[in-house]
J.: 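Have a look at the structure that comes next, please.
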Amino acid sequence: QVQVVESGGGLVQAGGSLRLSCAASGRTFSLYAMGWFRQAPGKERELVAAISSGGRPHYEDSVKGRFTISRDNSQNTVYLQMNSLKPEDTAVYLCNAVSVGDYELVLFSSWGQGTQVTVSS
């Protein structure tokens, strides 16, 4: 089991940037594909980006070209660099290990607390 702690959120104006971090526990972290998700009030949780154990990224269309996902296996950490933020990016951002065959399928039922991102217009 991988347990995670997300950080780096905050309040930013539209067009601004934030860098989120997902620190994971467990010696097997490097073996897992990892995903960043977000959940806005009244909406279902959605996948934002994912990264394979080897570092290959995947992005949903809504963030392609603006967000960059990366990982540092030596630090057991996954990052999400968010640029050109929009008000519609406002949400709680969470990370979890994901299935290699389907990045929307999370592997662990336990989630971290997430980190709040608020983008003002």
Side-chain angles (χ1 to χ4, degrees):
Q1 178 104 4
V2 172
Q3 295 181 319
V4 299
V5 176
E6 303 93 344
S7 62
L11 173 63
V12 63
Q13 288 188 330
S17 299
L18 285 171
R19 189 192 194 206
L20 306 184
S21 297
C22 168
S25 65
R27 282 183 273 181
T28 58
F29 167 80
S30 63
L31 301 178
Y32 291 104
M34 297 294 294
W36 277 102
F37 297 78
R38 66 186 179 190
Q39 186 162 20
K43 295 187 177 181
E44 293 200 355
R45 186 170 56 226
E46 63 175 357
L47 177 70
V48 172
I51 188 166
S52 70
S53 59
R56 184 162 62 184
H58 163 81
Y59 302 99
E60 294 297 301
D61 288 345
S62 59
V63 305
K64 201 171 291 184
R66 300 189 297 123
F67 291 10
T68 302
I69 189 170
S70 61
R71 67 189 297 161
D72 183 343
N73 288 338
S74 69
Q75 298 294 321
N76 277 17
T77 303
V78 180
Y79 302 99
L80 187 67
Q81 177 67 44
M82 307 188 297
N83 298 330
S84 302
L85 282 161
K86 305 175 181 180
E88 50 264 43
D89 294 318
T90 294
V92 175
Y93 283 71
L94 310 104
C95 65
N96 205 325
V98 295
S99 169
V100 172
D102 180 357
Y103 285 155
E104 294 189 12
L105 181 63
V106 300
L107 297 184
F108 301 120
S109 58
S110 175
W111 291 85
Q113 290 189 328
T115 186
Q116 175 70 47
V117 171
T118 302
V119 184
S120 63
S121 56

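Keep in mind that what you see is a predicted model, and the values were worked out from it rather than measured. Residue numbers start at 1 and run along the sequence shown. Side chains included, hydrogens not; waters and symmetry mates left out as well; all remaining heavy atoms used.
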J.: Would a hydrophobic clustering, with Ile, Leu, Val, Met, Phe, Trp and Tyr connected at side-chain separations under 4.5 Å, put Phe29 with Leu20?
T.: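 Yes: a chain of side-chain contacts under 4.5 Å links Phe29 to Leu20.
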J.: Quick one: pull up OG in Ser53 and CG in Asn73 and give me the separation to the nearest 0.5 Å.
T.: 8.0 Å
J.: Which heavy atom of Ser121 sits nearest to which heavy atom of Ala14, and what is that distance?
T.: CA-CB, 4.4 Å
J.: For the SG atom of Cys95 and the CD1 atom of Ile51, what is their distance to the nearest 0.5 Å?
T.: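 Cys95 SG to Ile51 CD1: 12.5 Å, rounded to 0.5 Å.
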J.: Under 30°, 30 to 60°, or over 60°: which ring-plane class applies to Tyr32 and Phe108, parallel, tilted or perpendicular?
T.: perpendicular
J.: Sorted by first residue and then second, give each salt bridge (Lys or Arg N to Asp or Glu O under 4.0 Å) pair with at least one member in residues 54-63; sequence neighbours left out.
T.: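 Matches after skipping sequence neighbours: Asp61-Lys64.
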J.: Taking all non-hydrogen atoms of both residues into account, name the closest pair between Arg38 and Ala91 and its distance.
T.: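 Of all heavy-atom pairs spanning Arg38 and Ala91, the closest is CB-CB, 3.8 Å.
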J.: Compare every heavy atom of Gly114 with every heavy atom of Val92, then report the nearest pair and how far apart it is.
T.: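 In terms of heavy atoms, the two residues are closest at CG1-CA, 3.9 Å.
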J.: Side-chain heavy atoms nearer than 4.5 Å, only ILVMFWY residues, links allowed to pass through others: does that put Leu80 and Val119 together?
T.: yes
J.: If you round to the nearest 0.5 Å, how far is CH2 of Trp111 from CG of Leu94?
T.: 6.0 Å
J.: Verify the neighbour count for atom CD of Gln3: are there more than 12 heavy atoms of other residues, nucleotides or ligands below 6.0 Å?
T.: no
J.: Do Val78 and Val5 sit in one hydrophobic cluster, given that two such residues count as connected whenever their side-chain heavy atoms are within less than 4.5 Å of each other, even indirectly?
T.: no
J.: Could you tell me the separation between the CZ atom of Phe37 and the SG atom of Cys22, rounded to the nearest 0.5 Å?
T.: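 If I round to the nearest 0.5 Å, the distance is 10.5 Å.
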J.: Where do Thr115 and Gly8 come nearest, in terms of heavy atoms and distance?
T.: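 Where Thr115 meets Gly8 most closely, the heavy atoms are OG1-N, 3.8 Å.
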J.: Taking Val12 as the starting point, is it possible to reach Val48 by hopping between hydrophobic residues whose side chains are less than 4.5 Å apart?
T.: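 Per the 4.5 Å side-chain linkage, Val48 and Val12 are co-clustered.
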J.: Taking only residues two or more places apart in sequence, or in another chain, which ones meet Thr118 in a side-chain contact (heavy atoms from CB on, under 4.5 Å)?
T.: Leu11, Thr90, Gln116
J.: When rounded to the nearest 0.5 angstrom, what is the spacing between CG in Asn96 and OH in Tyr103?
T.: 14.0 Å
J.: Could you walk me through whether Trp36 and Phe67 pass ring-ring contact (aromatic ring centres under 6.0 Å, His included), step by step?
T.: CA-CA 11 Å; Trp36 277 102; Phe67 291 10; 9.9 Å; no
J.: If you take all heavy atoms of Pro57 and Ile69, which pair is closest and at what distance?
T.: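 Where Pro57 meets Ile69 most closely, the heavy atoms are CB-CG2, 3.7 Å.
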J.: Does anything in residues 65-76 pair up under salt bridge (Lys or Arg N to Asp or Glu O under 4.0 Å), and if so which pairs, sequence neighbours excluded?
T.: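 Listed by first then second residue: Arg66-Asp89.
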J.: List the atom of Val117, the atom of Leu18, and the distance in Å for their closest heavy-atom pair.
T.: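 Smallest heavy-atom distance, with atoms named: CG1-CD1, 3.9 Å.
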J.: Are any non-hydrogen side-chain atoms of Met34 and Val4 less than 4.5 angstrom apart?
T.: yes
J.: Just verifying a value: how many Å separate Met82 CE and Thr68 OG1, rounded to the nearest 0.5 Å?
T.: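 Answer rounded to 0.5 Å: 11.0 Å.
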J.: Are Tyr93 and Glu6 packed together at the side-chain level, in the sense that at least one heavy-atom pair is separated by less than 4.5 angstrom?
T.: no
